[in-house]
*Asks:* 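My structure is below; once you've seen it, I'll send some questions.
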Amino acid sequence: MHQTLTLLGIESSCDDTAAAVVRLDDAGPKILSSEVMGQTALHAAFGGVVPEIAARAHAERLDGVVGDALARAGVGLGDLDAIAVTAGPGLIGGVLSGVMLARGLAAATGLPLIGVNHLAGHALTPRLTDAVAFPYLMLLVSGGHCQFLAVEGVDRFRRLGGTIDDAPGEAFDKTAKLLALPQPGGPAVEGEAATGNPARFRFPRPLLDRDGCDMSFSGLKTALLRARDMLVAAQGGITRQDRRDLCAGFQAAVAEVLAVKTERALGMADLPFTALCVAGGVAANQTIRAGLEAVAGQAGLPFVAPPLRLCTDNAAMIAWVGIERLRAGLPVVEDFVARPRWPLDDRSPSLLGSGKKGAKA
Ligand code: KG4
Ligand code: ZN
């Protein structure tokens, strides 16, 4: 290959305003910059992401974040080959903020504009970080998403299954709320669980008895609520150790469900997978990771978890999808529309409902 591609990526589909510059040359891909400006403080008082507040913050901050990404990369607009922007799925006001900015930049510079599926960004990240070859299995587990994808090509994804209700991150966040722990709930619950007894409370493992790799996590939080309330009724409150044990029991249930369903997903696709990959904020959880790593080991596959800053929402993954699409010779469709829902796999039935962080794809 003797083609150098330098792309600006823009991401604003949830509560992170992000821009990045990624370059691909003979030496491989390089992230020249990746700026992420979170909005946790703006939404903290509301117990979840407020779409209108998110959209306004993106609109106010995007040009500054893009400017920072270009400056840090030492790249001017004239050095770019194209612009890639998240066109969905996500909170539509935020997606539109990014798409409008990107359209303006593309019109002013004459650069091609590539509308990217946010989930493709997560799904193709193992190729940016670890040059993983197709086909591989991707488990995407975050606050808004939970699905198994057979990644067969730059534009070929097969959804093998996913959650039918809450995403695991959402369940961690709700658990934290029920136990008066801080948000985001994942790290807080993991911290408590470290000194808890996972065997004291036996929480349900939903859908384990059912074929396939669909999952359900909403019943888990109800079971936790019931266990907490029983303790409160019996002893007038919960002790610190009760809380640690509840967290450990909850985490063990999530980890087991994810591990068992991952094993099933590996077998379901009937593809010569090259790796088991994981992305999303929940992938930071050491117990969950250990479970998945063991499944990969048993299947004789490498376990690939990109560094956390590339597992969670960022714009380098969006620029990377643009590069992959250009490199594969896929046509650039300039008149794309912003989409709140955009399943990667059109053949899979769409799931109803909306998560805390937007529509479930
Ligand atoms: O991927 P992410 O940063 O954002 C999106 O949802 O798009 O994921 C955030 C989610 C939150 O729900 C957070 O509680 C969860 O990931 N999370 C964790 C851990 N760190 C973050 N869940 C379990 N264990 C963790 N250590
Ligand atoms: Zn995401």
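Just so we're clear, the structure is a prediction, and the values are computed from it rather than from any experiment. The residues of the chain are indexed from 1 along the displayed sequence. As the structure lists them, so they are numbered: ligands from 1, and atoms in each ligand from 1. Scope of the values below: all heavy atoms of this structure, side chains included, with no hydrogens, waters or symmetry mates.
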*Asks:* For ligand 1, which atoms sit closer than 4.0 Å to a heavy atom of Gly143?
*Replies:* 5 (C), 6 (O), 8 (O), 9 (C), 10 (C), 12 (O)
*Asks:* Does Gly169, backbone or side chain, put an N or O under 3.5 Å from an N or O of ligand 1?
*Replies:* yes
*Asks:* Scan side-chain atoms only and decide if Asp313 and His122 contain a donor-acceptor pair under the 3.5 Å cut-off.
*Replies:* yes
*Asks:* So, is Cys14 placed with an N/O/S atom under 2.8 Å from the Zn ion (ligand 2), counting both backbone and side chain?
*Replies:* no
*Asks:* Geometry only, no angles: is His145 polar-contacting ligand 1 at N/O separations under 3.5 Å?
*Replies:* no
*Asks:* Short list, please: which atoms of ligand 1 are under 4.0 Å from a heavy atom of Gly280?
*Replies:* 1 (O)
*Asks:* Hey, which N, O or S atom on Asp313 ends up closest to the Zn ion (ligand 2)?
*Replies:* OD1
*Asks:* So is Cys14 in contact with ligand 1, going by heavy-atom distances below 4.0 Å?
*Replies:* no
*Asks:* Return the minimal non-hydrogen interatomic distance between Ser97 and Ala55, and the atom names on each side.
*Replies:* OG-O, 3.4 Å
*Asks:* Strictly under 2.8 Å, is the Zn ion (ligand 2) approached by any N, O or S atom of His122?
*Replies:* yes
*Asks:* Give me the atom names and distance for the closest heavy-atom approach of Asn285 to Gln251.
*Replies:* ND2-OE1, 2.9 Å
*Asks:* Would you say Ile114 ends up clustered with Leu124 if hydrophobic residues are merged whenever their side chains have heavy atoms under 4.5 Å apart, either directly or through other cluster members?
*Replies:* yes
*Asks:* N/O of Gly281 under 3.5 Å from N/O of ligand 1, yes or no?
*Replies:* yes
*Asks:* If you look at every heavy atom in Pro168 and Phe217, which pair is closest and at what distance?
*Replies:* CG-CE1, 3.7 Å
*Asks:* Quick one: does NZ or CZ of Arg158 land under 6.0 Å from the six-membered ring centre of Phe148, within 45 degrees of the ring axis?
*Replies:* no
*Asks:* Number the atoms of ligand 1 from 1 as they appear, then name those within less than 4.0 Å of a heavy atom of Gly144, with their elements.
*Replies:* 6 (O)
*Asks:* Identify the two heavy atoms, one from Ala338 and one from Val95, that lie closest to each other, and give their separation to 0.1 Å.
*Replies:* CB-CG1, 3.8 Å
*Asks:* What part of Asp173, side chain from CB on, backbone N/CA/C/O, both or neither, has a heavy atom under 4.0 Å from ligand 1?
*Replies:* side chain
*Asks:* Kindly give the heavy-atom pair with the smallest separation between Leu246 and Ala227, and that separation in Å.
*Replies:* CD2-CB, 3.8 Å
*Asks:* Can you sort out which atoms of ligand 1 are near Asp313, meaning under 4.0 Å from one of its heavy atoms?
*Replies:* 7 (O)
*Asks:* Near Glu190, which atoms of ligand 1 are under 4.0 Å from a heavy atom of that residue?
*Replies:* 25 (C), 26 (N)
*Asks:* Before we go on, tell me: are the rings of Phe201 and Phe250 under 6.0 Å apart, centre to centre?
*Replies:* no
